[in-house]
Amino acid sequence: MGKVFDAVEHVVTFGLEHRVLGQIDAIGVDEIQYAKGHKYLTLVYQIDLGVTRLLWSEKKEPSNPSRGSSPPWAGT
């Protein structure tokens, strides 16, 4: 694609491969519409005191209704 896209993809891949979750006491879940129609992005955040970070995201579209799927770290 492009240099910026490749750099961002590299950094995100590295971060995911070296991520240590540890104990998570509180989460927040948001679902936002990112385009016209029924195109949504579900975001799961850790919102513990002193730690706020994105844990998982997933696109949901009418052609890909993945309701009920679990994040890979959920163990289900």
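Between L16 and R19, some side-chain heavy-atom pair lies under the 4.5 Å cut-off. Residues T42 and K60 meet the side-chain proximity criterion, which asks for heavy atoms closer than 4.5 Å.
Residues A26 and D48 share a closest heavy-atom pair of N-OD1, 2.6 Å.
Residues satisfying the side chain to side chain donor-acceptor pair (under 3.5 Å) criterion with E17, sequence neighbours excluded, are absent altogether. For F14, the ring-ring contact (aromatic ring centres under 6.0 Å, His included) partners are H18, not counting sequence neighbours. Taking the side chain to side chain donor-acceptor pair (under 3.5 Å) definition, one finds that D30 meets it with nothing, sequence neighbours left out.
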Exercise. Take S57 and L41 through the side chain to side chain contact (heavy atoms under 4.5 Å, CB included) test and state the conclusion after the steps.
Key: CA-CA 7 Å; S57 66; L41 184 63; 4.3 Å; yes
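Note that CD1 of I27 is 11.5 Å distant from CG of D25, once rounded to the nearest 0.5 Å. Atom OH of residue Y40 and atom CD of residue Q33 lie 5.0 Å apart, to the nearest 0.5 angstrom. Atom OG1 of residue T52 and atom CD of residue Q46 lie 8.0 Å apart, to the nearest 0.5 angstrom.
Under the side chain to side chain contact (heavy atoms under 4.5 Å, CB included) test applied with L43, the options V29, I32, L55 reduce to a single match, I32.
Linking ILVMFWY side-chain heavy atoms closer than 4.5 Å, directly or via other members, places L54 and L21 in two distinct hydrophobic clusters. Hydrophobic clustering of Ile, Leu, Val, Met, Phe, Trp and Tyr side chains at less than 4.5 Å, counting indirect connections, keeps I24 apart from L49.
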